[in-house]
Amino acid sequence: MSKTTASGVDSPCNDLKTPTLDTESPTLLHSISEQGGYAYVRMASLAAAGDIRAAEAVREMAWEQLHSGPWHSVLPVWRDAYSMACLHVAKHHYGNGEFKEALKALDMGIIMGGNLLRKDLDSAIGKVSEKARSIRVSDGSYQDFGNSEHQLVDHDFDVSKVLQLLPVKSLASKLVVKRSGLSLEKFLKDHYLSGTPVIISDCMAHWPAKKNWNNIDYLLRVAGDRTVPVEVGKNYLCADWKQELVTFSEFLERIRSHSCSPGGPTYLAQHPLFDQINELRRDIFIPDYCFAGGGELRFLNAWFGPAGTVTPLHHDPHHNILAQVVGKKYIRLYPASVSEELFPYSETMLSNSSQVDLDDVDERKFPKVQDLEFVDCILEEGEMLYIPPKWWHYVRSLTTSLSVSFWWSEGESSSPS
């Protein structure tokens, strides 16, 4: 028999199923105790029995361990411990019909937790999301997501105004070569092997994302209640830059209202969103180009944000296809051969980033930068840009923009800088 919450919603009569947790729990708790987590283990048994205070306590204990030092130094067992605690918290909220709270706990388990319990987290998210959506449909919360008035991006675009915002000499020199329907053979021969950028058009028409992602109601329906990490501030090189956790609906509202946190624009940048939200993953396809040279996909990341977001001049270790699904971006690229002239930071964590701020070049400190040759472009909706490894690139969103980056490499796997 189900019970009714204060909201009047009948709660599910069965808890969320967690078969991996059920099987792995004894081993995981033993590993946690070996790392000194005796208090965690004691409270976890109460959490498993349905004690929400104990569940919140073990989640806090694991959270403290995740923030006890640099992220790379956190022991994997504490990441799995955090996922375990998030599952216990989510079970409680789900049993009370508190689906938004349950989703938030599960998303945090995915974002911050380990891989051991990932199947349970994914399965639980599917079940909770389905329940939440059925309630919204029944109470009329969902609008018709086919309504063209609810587009995320207005396609009116004034190039002359945009040029005033771009770095000096933008679009006045050599543009990136553009090819329509480029064959894999030609891509391999003319660009992959030679290491030269190219824009590939007419390769995304079959993506459901082309239609779906410019529709606010669709995005709210499939992702509105999900929690995502966002960046707030001009860019990651600025002192006031920070990260926040917000619901996707709050993130969309900041974009739509042209508002932001006091620290600057909000940007969902370089996040593996498609590992987190399966509905959005089904809207895209891995381009065949990502398998050039016997390649293997390494990272699949989302870049969603308002006009004006900037990724400062940097380079990456992998081959990169940047697919522009909604909106437009300006991109400038410099070859690896001019790396010294772009003055990379000496710190290890920022060694792939340039000290040169293209939006405000310090000509006394970097007198020769303005004379360096580069290629640039405006990447339009439906176009993909191939960025070879080690090519420096600066990116500015000219409109609200939804992009996907596919990183791949053909040799030994190496982590992004």
Side-chain angles (χ1 to χ4, degrees), residues 14-96 98-132 223 225-229 243-248 271-278 281 299:
N14 295 318
D15 290 339
L16 295 176
K17 303 301 181 184
T18 53
T20 306
L21 176 61
D22 298 342
T23 301
E24 298 292 339
S25 183
T27 303
L28 177 55
L29 289 174
H30 177 71
S31 298
I32 293 170
S33 65
E34 287 185 326
Q35 298 301 325
Y38 305 113
Y40 180 102
V41 172
R42 287 195 300 270
M43 296 299 288
S45 62
L46 298 176
D51 186 332
I52 182 58
R53 293 180 182 176
E56 292 286 7
V58 292
R59 186 167 64 164
E60 183 62 30
M61 291 178 196
W63 181 263
E64 290 178 0
Q65 290 294 328
L66 296 183
H67 294 80
S68 61
W71 181 250
H72 63 80
S73 69
V74 175
L75 294 175
V77 68
W78 282 112
R79 296 188 64 191
D80 291 328
Y82 185 76
S83 293
M84 171 188 273
C86 287
L87 282 167
H88 288 317
V89 171
K91 282 185 174 187
H92 173 83
H93 288 306
Y94 181 77
N96 285 340
E98 299 162 348
F99 302 126
K100 286 186 178 181
E101 290 80 0
L103 277 176
K104 182 176 181 179
L106 294 168
D107 274 325
M108 290 301 296
I110 287 178
I111 295 169
M112 301 296 293
N115 293 322
L116 179 65
L117 305 177
R118 182 58 188 266
K119 287 185 178 180
D120 284 356
L121 291 165
D122 287 337
S123 174
I125 281 176
K127 188 169 185 178
V128 177
S129 296
E130 184 179 352
K131 280 284 186 181
D225 292 333
R226 305 298 298 276
T227 296
V228 293
Q243 293 177 298
E244 294 181 359
L245 289 162
V246 300
T247 62
F248 200 82
H271 174 55
L273 184 69
F274 312 107
D275 287 342
Q276 186 184 348
I277 303 179
N278 292 328
R281 176 63 182 86
F299 300 95

| message | With a 3.5 Å distance limit and no angle check, can you tell me whether Asp120 reaches the backbone of Thr20 through a side-chain donor-acceptor pair? | response | yes
| query | Between Lys91 and Leu16, what is the shortest heavy-atom contact and its length? | reply | CE-O, 3.3 Å
| query | Quick one: which of Lys104, His92, His93 gives a side-chain hydrogen bond (donor to acceptor under 3.5 Å, both in side chains) with Glu98? | reply | His93
| said: Less than 4.5 Å apart, side chain to side chain, heavy atoms only: is that true for Leu117 and Thr18? | reply: no
| Do you know which two heavy atoms are closest between Ala102 and Val128, and how far apart they sit? | CB-CG1, 4.1 Å
| Is there a side-chain contact between Gln276 and His271, using heavy atoms and a 4.5 Å cut-off? | yes
| field | Ionic contact status for Glu130 with Lys127, cut-off 4.0 Å | value | no
| Atom of Ala57, atom of Met43 and distance for their closest heavy-atom approach | CB-CE, 4.0 Å
| query | So do the side chains of Phe99 and Asp225 get within less than 4.5 Å of each other, counting heavy atoms only? | reply | no
| query | Is the number of heavy atoms from other residues, nucleotides or ligands under 6.0 Å of Asn115 CG greater than 12? | reply | no
| Distance, nearest 0.5 Å, that separates CG of Leu273 from CD1 of Ile111 | 9.0 Å
| query | Do Glu56 and Arg53 pass the salt bridge (Lys or Arg N to Asp or Glu O under 4.0 Å) test, and can you show the C-alpha distance, the side-chain angles, and the key distance before you say yes or no? | reply | CA-CA 5 Å; Glu56 292 286 7; Arg53 293 180 182 176; over 6 Å; no
| field | Residue that, paired with Ile110, satisfies side-chain contact (heavy atoms from CB on, under 4.5 Å) out of Thr227, Leu121, Asp275 | value | Leu121
| request: Please name the pair of heavy atoms, one in Leu103 and one in Ser129, separated by the smallest distance, quoted to 0.1 Å. | output: CD2-OG, 3.5 Å
| query | Is there side-chain contact between Ser25 and Met84, with heavy atoms separated by less than 4.5 Å? | reply | yes
| query | Hey, which of Val246, Ile125, Thr247 is the one that makes side-chain contact (heavy atoms from CB on, under 4.5 Å) with Arg226? | reply | Ile125
| task | Check whether any side-chain N or O of Ser45 sits under 3.5 Å from a backbone N or O of Arg42 as a donor-acceptor pair, and report yes or no. | result | yes
| task | Output the distance between atom OG1 (Thr27) and atom CD1 (Ile32), rounded to the nearest 0.5 Å. | result | 11.0 Å
| Do the rings of Tyr40 and Trp78 sit parallel, tilted or perpendicular, given the 30° and 60° boundaries? | perpendicular
| request: State, with a plain yes or no, whether a side-chain heavy atom of Gln65 is found less than 4.5 Å away from one of Val74. | output: no
| request: Could you pull out the closest heavy-atom pair between Ala85 and Ala55, with the gap in Å? | output: CB-O, 4.3 Å
| Does any non-hydrogen side-chain atom of Cys86 lie less than 4.5 Å from one of Met108? | yes
| field | Separation of Leu116 CG from Glu24 CD (nearest 0.5 Å) | value | 5.0 Å
| query | Between Ser83 and Gly109, what is the shortest heavy-atom contact and its length? | reply | OG-O, 3.3 Å
